[in-house]
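See structure below.
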Amino acid sequence: MVPNIFSAGLDITEFYQKKPEETDAFWRTLQDVFLRLYGSKLVTIAAISGHSPAGGCLLAMACDYRVMATGKYTIGLNETLLGIIAPFWFIETMKNTIGHRETEKSLQLGKLYSPEQAENIGLVDQICPPDDVLGCARKEMVKWLKIPDHARILTKQLMRNELINNLSSKRKEDIYNFTSFVQKDSIQRSLGLYLESLKKKKS
Ligand SMILES: CCCCC/C=C\CCCC/C=C/C(=O)SCCNC(=O)CCNC(=O)[C@H](O)C(C)(C)COP(=O)(O)OP(=O)(O)OC[C@H]1O[C@@H](n2cnc3c(N)ncnc32)[C@H](O)[C@@H]1OP(=O)(O)O
C-alpha cells in the first residue's frame, strides 16, 4: 500500500503521443482489469490510502466496499476537468454506486470529493485515519467472509451482470471510441497541457 496515493488514475503517457494500435491495446487491458475486478467472485475491499482520481476512483468503485483514509485527499471522476470524457461504463459504475442524480452532477463538474464528502454521498463506505485504513478494511472483510459464499456471489452477479454483459458486448466499439477520441489533435493538446501542469505543480 502506497501512502498518500491509492492510484493517480490512468497513466496519461500511455495515450499521449501514442500510435492507435498502442492506445487500442492499452484500453483493451483496462477493460480486462475492470471486468475481472467488477465481476470477481471474491470479496473485494478497496483500502484507499490517499488520492484516487479518475481511473483510481473506477478501480475503487469496482470493489464491493471502500474504506478511505482521512486527510487532504480526493476521490472522484474528474475527466471533464482534463477535457476528456468518462466512458459509458465508468458512468454506469458510478451510477450503481451513488445514484443517477449525484453522478450527473459529479461527472459534469469533474468533481473531486474530500473523504468526508465521499462518505456523505456513498462514494466510499467508511473513512478511517490513514494508519488504520488497512485495519478497518480487514475488519470489514471478516464480516463479508461470514456470509455464505454461494448466496453472496449469486447476489453480486445479479447486481452486476447487466453492466458486465453490456461492456462485454461492446468492447470493440468502446476501444474504437477511445482511440478515435484520444487521437484527436485537440485532445492531444489538452493532455499535453495537463501533463505539463502536473510537472509544473511539482517544481
Ligand atoms: C465519445 C466516447 C468517448 C470515449 C472515451 C474517451 C476517452 C477518455 C477516457 C479516459 C479516462 C481517463 C481516466 C484517467 O484516469 S486520466 C488520469 C487522471 N488522473 C489525474 O488527473 C491525476 C493526476 N495526478 C495528480 O493529480 C497528482 O499526481 C496526485 C495523484 C494528486 C499526486 O500528487 P503528487 O504526489 O504531488 O505527485 P506528482 O504530482 O509529483 O506526480 C508525480 C509524477 O507523476 C506524473 N503523473 C501524475 N499523475 C499522472 C497520470 N495520471 N498520468 C501520467 N503521469 C502522471 C507527474 O507528472 C509527475 O511526473 P514527473 O515525476 O515526471 O515530473
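Each ligand, and each atom within it, is numbered from 1 in the order the structure gives. Treat the numbers as computed from the prediction; the structure is a model and nothing was measured.
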Nearest-contact summary for [atom] - protein heavy atom, Å:
atom	answer
atom 50 (C) of ligand 1	Leu10 O, 3.6 Å
atom 11 (C) of ligand 1	Glu79 OE2, 3.7 Å
atom 62 (O) of ligand 1	Lys199 NZ, 3.0 Å
atom 41 (O) of ligand 1	Lys202 CD, 4.7 Å
atom 46 (N) of ligand 1	Leu198 CD1, 4.0 Å
atom 22 (C) of ligand 1	Ala8 O, 3.4 Å
atom 7 (C) of ligand 1	Phe181 CD2, 3.4 Å
atom 54 (N) of ligand 1	Leu195 CD2, 3.9 Å

Does a donor on one side chain and an acceptor on the other come within less than 3.5 Å for [X] and [Y]?
X	Y	result
Asn96	Tyr38	yes
Trp89	Asp174	yes
Thr23	Thr179	yes

Rounded to the nearest 0.5 Å, what separates atom [atom1] in [X] from atom [atom2] in [Y]?
X	Y	atom1	atom2	answer
Asp24	Lys18	CG	NZ	13.5 Å
Asn165	Arg160	CG	CZ	14.0 Å
Ile187	Ile85	CD1	CD1	7.0 Å

Part of Pro53 within contact of ligand 1 (heavy atoms, under 4.0 Å): side chain
At under 4.0 Å between heavy atoms, is it the side chain or the backbone of Asp11 that contacts ligand 1, or both, or neither?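 It is both backbone and side chain that touch ligand 1.
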For Phe34 and Phe90, run ring-ring contact (aromatic ring centres under 6.0 Å, His included): C-alpha distance rounded to whole Å, both residues' side-chain angles, the deciding distance at 0.1 Å, then the answer. CA-CA 10 Å; Phe34 173 78; Phe90 285 44; 7.6 Å; no
Lys111 to Tyr113, cation-pi by 6.0 Å centre distance and 45° axis angle: yes
Could you tell me whether [atom] has a protein heavy atom closer than 4.0 Å?
atom	value
atom 37 (O) of ligand 1	no
atom 34 (P) of ligand 1	no
atom 44 (O) of ligand 1	no
atom 29 (C) of ligand 1	no
atom 52 (N) of ligand 1	yes
atom 18 (C) of ligand 1	yes

Any idea which atoms of ligand 1 are less than 4.0 Å away from a heavy-atom of [X]?
X	value
Asn78	21 (O)
Tyr194	20 (C), 21 (O), 22 (C), 23 (C)
Ala54	13 (C), 14 (C), 15 (O), 18 (C)
Ile84	10 (C), 12 (C)
Gly9	15 (O)
Ile5	32 (C), 35 (O)

Enumerate the residue pairs fulfilling ring pair (Phe, Tyr, Trp, His ring centres under 6.0 Å) with a member in residues 39-64, sequence neighbours excluded, ordered by first and then second residue. His51-Tyr73
Closest by any non-hydrogen atom to atom 9 (C) of ligand 1: pick that one out of Asn177, Thr13, Ile85, Leu82. Ile85
Where do Glu92 and Asn166 land on the side-chain hydrogen bond (donor to acceptor under 3.5 Å, both in side chains) test, with the steps shown first? CA-CA 10 Å; Glu92 290 304 313; Asn166 196 14; over 6 Å; no
Donor-acceptor pair, side chain of Arg66 and main chain of Gln126, under 3.5 angstrom: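 Not a single qualifying donor-acceptor pair exists.
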Considering only NZ, NE, NH1 and NH2 on the basic side and carboxylate oxygens on the acidic side, decide whether Lys19 and Glu22 come within less than 4.0 Å. no
Residue Tyr176 excluded, over 12 heavy atoms near OH under 6.0 Å: no
